[in-house]
Amino acid sequence: MSTQATARAADRLRAEEPTPRRGRGAREGSVANWFDERTGLAGPMRYLMRKVFPDHWSFMLGEVAMYSMIVALISGVALTLWFVPSQGEVHYNGPYAPLNGILMSEAYASTLKISFEVPGGLLIRQVHHWAALFFVAAVGMHMARVFFTGAFRKPREINWVIGCVLLLLAMIEGFAGYSLPDDLLSGTGLRVMEGFVESTPILGSYVSYIMFGGAFPGDIIIPRLYMAHMLLVPALLIGLFTAHLVLVMVHKHTQYPGPGRTNDNVVGFRVMPVYAAKAGGFFFIVFGIISLISGLVTINPVWAYGPYDPSPVTAGVQPDWYMGFADGALRLLPGWLEFTIFRYTLSLNVALGSIVLLPLVFTLAGAYPFLEAWVTGDKREHHLLDRPRNRPVRTGIGIGALIAYLVMFFAAGNDIMAIKLGLSINDITHVLRFLFFAGPILGFWLTKRICLSLQRADRDLVLHGKESGRIVRTAGGEFREYHEPLDQYEMWKLVGHESPAPLELTDGKDSRGVATPTARKDKRRAAWSRFFFKDRVAPVTPAELESAHAHHDQADDRALLAGHDATHDEILEDAKH
């Protein structure tokens, strides 16, 4: 047993800290020193304030997500002061005359009270709803930026998985939120959700009974959704968002390639004072835009729908846009997928588009970084981003996924399109079913070919320079167009990337002719590697660049251009001689 004294963690953090200055600001310094002696936060706070962040417009998408979540949380707390999460029935007697005397739940009545009686209540409701939509959209666009630029690579795989879970939780949180008012639209959505749950093989009816506390609609689903919407899901969102930001601090921020930017540094602005000021101003811009839209554009006018009643058949109902793809998947699935086995009815025409689709999509998305790392065999850390054109297969996969999403999204409105366009809903559904399979394949192929063409254009631009549109005449009488050479900054962006070669397939045997245990795995990996990199366009090497410049003799062209331009008569006179 040792009796050696050890320093406290706070003491170790302050070991190399300078002695606080006396005189002006001594009072503030003494207060800060008092807190530091008890918390040891001076070192971490100094590290945070000196943290450098790169400056690029695409990085603001993550900030929009964070600020939208903050606005949604603040407005949601304000709404809790008046919202009553109860399905107890009351007769409405308020300022909205068309619903006076109508029997409705306390949840719906309190929503009407917030909208028409609480000063600024309707604006708060609108701000809360629009902020939630902004949050989901910003998280999705931020993830798209991360995917197409390869920001999910080592050491950020965990942060990518956290982002996938955040997007899923944001969708669940949004669904729970717009189900709370208990109006006809949200009640129809809950009825659809009950059908999703009941389509679960074998366990569906039991899970639905437990969830609703009996037969639909029951009298406890609104309080349970309120508890999940106000406590459980927000706690998970805040916890995961905090973990996401902490990992960003630990790993340092990614940056786009350029002169002076490497995997070992970050070129940008420190948190204090530049980045903090910019971030603070950007928060108020996001908040102002959300408030402006909320004041000008009506969303979810629950008074126009009336209270929920299971008897009306509501046509033309669509959920909020971020759940539209799941509704569209249900409409695309054929009815013959429902059948009975051993006295159990399997409603795969519903389950595949609801219970299976969401977990499958987010599992595949979360696993992609590990698949790409396995294919490339790259174990290095990456802090420089890719240009999407330099990773044509990854970009094609992303575009194919977006096309599949859009097809399902538009399928959610097949009935509205049929009415407005005067077309058969069956014909629209058949076309969308075909596009669901053919669209991603075609989109992948076109995207890959476009990316490869852009890479070849970049390569040609580096080797030959920019077309100037000016014709020079050499001493030997040759006419050719003068190509302006690229500056070093432009050239860095075009040549500063890697292009992995496909893995070579071996015979799967060691030096003694014995089959290796990993032969089958290596064969699969080599096949995936060929799929990713067989059509690669290698970046220009220094030797190729030097050879191209020597061949085109750009220095002589510049010398010729330095003189005067020959007139037409001078050219004819020279031709005679």
Side-chain angles (χ1 to χ4, degrees), residues 56 58-59 61-62 139-164 166-167 251 253-258 261 263 360-407 437-459 493-503 524-539:
H56 193 272
S58 64
F59 298 146
L61 297 173
V139 172
M141 294 177 67
H142 176 66
M143 288 188 62
R145 196 275 301 172
V146 170
F147 178 84
F148 286 113
T149 59
F152 54 77
R153 293 172 295 175
K154 184 182 178 180
R156 297 175 179 82
E157 300 96 335
I158 296 177
N159 235 2
W160 170 261
V161 174
I162 289 176
C164 292
L166 277 172
L167 181 57
H251 296 148
H253 208 291
T254 55
Q255 58 185 344
Y256 287 93
R261 299 176 183 178
N263 275 311
L360 179 64
V361 168
F362 283 93
T363 300
L364 291 175
Y368 182 83
F370 305 98
L371 171 64
E372 185 171 302
W374 174 73
V375 171
T376 60
D378 190 355
K379 304 299 182 183
R380 299 169 300 165
E381 289 192 2
H382 292 274
H383 304 291
L384 292 178
L385 300 174
D386 292 326
R387 298 178 76 198
R389 66 179 62 182
N390 294 331
R391 291 292 184 267
V393 173
R394 179 203 296 158
T395 305
I397 291 173
I399 295 298
L402 288 177
I403 291 175
Y405 168 82
L406 289 175
V407 169
F437 294 100
I441 298 174
L442 181 61
F444 170 82
W445 182 80
L446 284 176
T447 302
K448 181 180 177 182
R449 304 318 304 176
I450 291 173
C451 289
L452 292 173
S453 298
L454 291 173
Q455 285 188 68
R456 294 188 181 97
D458 289 345
R459 182 180 175 85
K493 182 176 67 174
L494 301 181
V495 302
H497 66 275
E498 298 177 348
S499 181
L503 297 177
R524 289 196 300 267
R525 183 181 171 192
W528 277 105
S529 181
R530 288 194 303 272
F531 172 72
F532 269 77
F533 304 119
K534 69 177 181 178
D535 296 325
R536 75 187 187 102
V537 177

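Just so you know, these numbers come straight off a predicted model, no measurement behind them.
Side chain of Gln455 to backbone of Arg389: a donor-acceptor contact under 3.5 angstrom is found. In this structure, the side chain of Ser529 does not engage the main chain of Arg525 through any donor-acceptor pair within 3.5 Å. Side-chain atoms of Trp160 never come within 3.5 Å of backbone atoms of Ala151 as a donor-acceptor pair (strictly under, hydrogens ignored).
Here the OG1-CG distance, from Thr447 to Leu402, works out to 9.5 Å after rounding to the nearest 0.5 Å. Once rounded to the nearest 0.5 Å, the distance linking CG of Leu452 with CG of Asn390 reads 10.5 Å. Rounding to the nearest 0.5 angstrom, the gap separating the CZ atom in Arg387 from the CZ atom in Phe148 is 15.5 Å. With values rounded to the nearest 0.5 angstrom, Tyr368 atom OH is found 4.5 Å from Phe147 atom CZ. In this structure, CG in Leu446 is found 12.0 Å from CD1 in Ile441, a value given to the nearest 0.5 Å. We find the CD1-OG1 distance between Ile450 and Thr395 to be 11.0 Å, quoted to the nearest 0.5 Å.
Checking each of His497, Gln255, Glu498 against Leu384 for a side-chain contact (heavy atoms from CB on, under 4.5 Å) leaves exactly one that passes, namely Gln255. Checked against His383 for a side-chain hydrogen bond (donor to acceptor under 3.5 Å, both in side chains), the options Arg261, Arg153, Arg156, His253 give a single hit: Arg156. Asp386 pairs in a salt bridge (Lys or Arg N to Asp or Glu O under 4.0 Å) with only one of the listed residues (Arg394, Arg145, Lys493), which is Arg394.
Looking at heavy atoms from C-beta onward, Lys448 lies out of side-chain contact with Ile399 at the 4.5 angstrom threshold. Between Asp378 and Glu372, every side-chain heavy-atom pair lies at or beyond the 4.5 Å cut-off. Looking at heavy atoms from C-beta onward, Phe370 lies in side-chain contact with Val161 at the 4.5 angstrom threshold. Residues Phe531 and Val375 are not in side-chain contact: their nearest non-hydrogen atoms beyond the backbone lie 4.5 Å or more apart. Counting heavy atoms from C-beta outward, Met143 and Cys164 have side chains that approach closer than 4.5 Å.
Looking at every heavy atom in both residues, Pro388 comes nearest to Cys451 through O-SG, 4.1 Å. Taking all atoms of both residues into account, the shortest heavy-atom contact from Phe59 to Thr254 is CZ-O, 3.6 Å. The heavy-atom pair separating Pro440 from Gly400 by the smallest distance is CB-O, 3.5 Å. Heavy-atom minimum distance, Phe444 versus Gly396: CD1-C, 3.3 Å.
Surrounding CG of Leu364 are more than 12 heavy atoms belonging to other residues, nucleotides or ligands, all under 6.0 Å away. Other residues, nucleotides and ligands contribute over 12 non-hydrogen atoms within 6.0 Å of the CH2 atom of Trp374.
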